[in-house]
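Everything on this sheet refers to the single structure shown next.
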Amino acid sequence: MNETSTTTAASTVKPPQLRAARIRKQSIIKFVILFVTLAFLFVPLLAMLIFTLRHPLSGRWSAAPWIAIFTGNGESLGADLTVLWQGLGTSLALSVVTVVIMLLLMVPTMVIVHIRSKALERVIEWVATLPLTIPAIVLVVGLGPIYRWLSADVLNTNPIWLCFAYVILVMPFAFRAIAVGLNSIDVKTLVEASRSLGASWPKVFFRVIIPNLWQSILSASFISIAVVLGEYTVASLLGRMNLQVALYQLGQSNSQISTAMSLLALLFGVVLLVALDLISDAMRKSKEGK
């Protein structure tokens, strides 16, 4: 019996040569997958960069589109950059307002529901993630009459009021980021300990819970900014100006400048993600140091 079990165990152990071959095969497969993924991501970006530097008709290489963006003068290329700066300013303002409204709406609600009711938390999760299943054009069909009423009777046609629609668009991403932070800490224990020591609810929220959710709040904010800067459908169909609508209009007169500005917007999104990673590492190291 012992000899049989020993023989079986020995047969299941692979020789070092087979293990090395298997590891080498896995490394090759990983390299191929990584190469294909990077090519899928970076080849279109490289094509866009070449398009901004090489004139499509004459084939002449020039950095004039980039110079026009950084100098703010596109008249020599037949482009009026006033629309671009207007759209960029509107999108940046929308990003700030949208993030503020989203945090004021979602953070207190999710914290209270997380403490009080798990069943209600699942309901809020379903409501928050529902915009992912609804196409943007369908949202515009529903939001159109509301914005018509707001523009005519309550507010005005200023693009800043798109923030209400954008809060709906960023809600699924913000909810998931904040939910990860709430699930990573024992909120109930922190609240009960703070309350037993005499802390009021505002102190518990701002002095105990929020410091433990900073990383998740930053994640939700940065993702929301990226979504707002890249949104086109809602603003276009509602007849409002933002960065993407401005890029589309600018592309009618000079597609090279429009493409160059699109690359800068993508670069800004990458910078946000890198900043999020650096801030998260710094916060984690500071906690470990304490």
Side-chain angles (χ1 to χ4, degrees), residues 90-136 138-151 154-156 158-185 187-188 190-191 194 200-231 233-235 238 240 242 269 272 276 279-280:
T90 300
S91 288
L92 292 177
L94 277 169
S95 300
V96 174
V97 177
T98 301
V99 167
V100 171
I101 296 177
M102 178 271 298
L103 293 178
L104 291 177
L105 177 66
M106 298 200 66
V107 175
T109 303
M110 292 183 63
V111 170
I112 293 174
V113 171
H114 186 81
I115 296 173
R116 298 295 186 184
S117 173
K118 287 293 183 181
L120 188 58
E121 186 178 22
R122 288 192 290 271
V123 174
I124 292 181
E125 179 180 5
W126 179 81
V127 173
T129 56
L130 189 61
L132 286 177
T133 65
I134 303 176
V138 177
L139 284 175
V140 174
V141 172
L143 293 173
I146 298 175
Y147 269 92
R148 193 180 305 115
W149 170 73
L150 288 176
S151 301
V154 182
L155 303 172
N156 50 43
N158 194 309
I160 196 66
W161 305 122
L162 285 174
C163 61
F164 302 124
Y166 285 174
V167 168
I168 298 175
L169 294 179
V170 305
M171 192 179 298
F173 311 101
F175 175 88
R176 185 53 55 197
I178 298 172
V180 170
L182 287 173
N183 293 328
S184 64
I185 59 176
V187 179
K188 288 186 177 181
L190 290 175
V191 171
S194 302
S200 61
W201 278 109
K203 284 187 177 181
V204 171
F205 185 77
F206 290 105
R207 301 285 297 274
V208 178
I209 297 177
I210 293 298
N212 285 282
L213 290 179
W214 264 120
Q215 184 174 348
S216 298
I217 291 175
L218 287 175
S219 300
S221 301
F222 286 173
I223 294 173
S224 299
I225 292 173
V227 171
V228 172
L229 290 179
E231 201 286 318
T233 306
V234 174
L238 290 179
R240 305 298 196 272
N242 69 353
L272 285 180
L276 173 62
I279 293 173
S280 301

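Sequential numbering from 1 along the given sequence is applied to the chain's residues. Heavy atoms only: backbone and side chains are in, while hydrogens, waters and symmetry mates are out.
- Atoms CD1 and CG, from Ile160 and Leu155 in turn, are 11.5 Å apart once rounded to the nearest 0.5 Å.
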Please set out all donor-acceptor pairs under 3.5 angstrom arising from side-chain atoms of residues 106-115, sequence neighbours excluded.
unit_1 : atom_1 : unit_2 : atom_2 : d
Thr109 : OG1    : Leu105 : O      : 2.7
His114 : ND1    : Glu121 : OE2    : 2.9

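- Sequence neighbours left out, not one pair with a member in residues 221-230 passes side-chain hydrogen bond (donor to acceptor under 3.5 Å, both in side chains).
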Show which side-chain atoms of residues 164-175 pair as donor or acceptor with protein atoms under 3.5 Å away, not counting sequence neighbours.
unit_1 : atom_1 : unit_2 : atom_2 : d
Tyr166 : OH     : Glu231 : OE1    : 2.5
Tyr166 : OH     : Asn242 : ND2    : 3.1

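- Minimum heavy-atom separation, Leu229 to Ser91: CD2-CB, 3.8 Å.
- Interatomic distance, Ser194 OG to Phe205 CZ, rounded to the nearest 0.5 Å: 13.0 Å.
- Qualifying side chain to side chain contact (heavy atoms under 4.5 Å, CB included) partners for Ile134, counting only residues two or more places apart in sequence or in other chains: Leu130, Val138, Leu139.
- The closest side-chain heavy-atom distance from Val140 to Tyr147 is not below 4.5 Å.
- With sequence neighbours left out, Ser151 forms a side-chain hydrogen bond (donor to acceptor under 3.5 Å, both in side chains) with Arg240.
- In this structure, the side chain of Thr98 does not engage the main chain of Ser95 through any donor-acceptor pair within 3.5 Å.
- Rounding to the nearest 0.5 Å gives a distance of 11.0 Å between CD1 of Ile223 and CG of Leu218.
- For residues 164-178, the salt bridge (charged side-chain N to carboxylate O under 4.0 Å, His left out) pairs, not counting sequence neighbours, are Glu125-Arg176.
- Between Leu213 and Ile185 there is a side-chain heavy-atom pair separated by less than 4.5 Å.
- Taking CD1 of Ile101 as the reference point, atom CG of Leu94 lies at 9.5 Å (rounded to 0.5 Å).
- Residue pairs that meet the salt bridge (charged side-chain N to carboxylate O under 4.0 Å, His left out) test with at least one member in residues 90-109, sequence neighbours left out, do not exist here.
- Of all heavy-atom pairs spanning Leu182 and Val187, the tightest one is O-CG2, 3.8 Å.
- A search for side chain to side chain contact (heavy atoms under 4.5 Å, CB included) contacts involving Arg148 returns Pro145, not counting sequence neighbours.
- Side-chain contact between Leu103 and Ile217 is present, with heavy atoms from C-beta onward closer than 4.5 Å.
- At least one side-chain heavy atom of Ile209 sits under 4.5 Å from a side-chain heavy atom of Val204.
- Counted within 6.0 Å of CH2 on Trp201, heavy atoms from surrounding residues, nucleotides or ligands total more than 12; the atom is thus considered enclosed.
- Residues Val208 and Val191 have side chains not in contact (no heavy-atom distance under 4.5 Å, counting atoms from C-beta outward).
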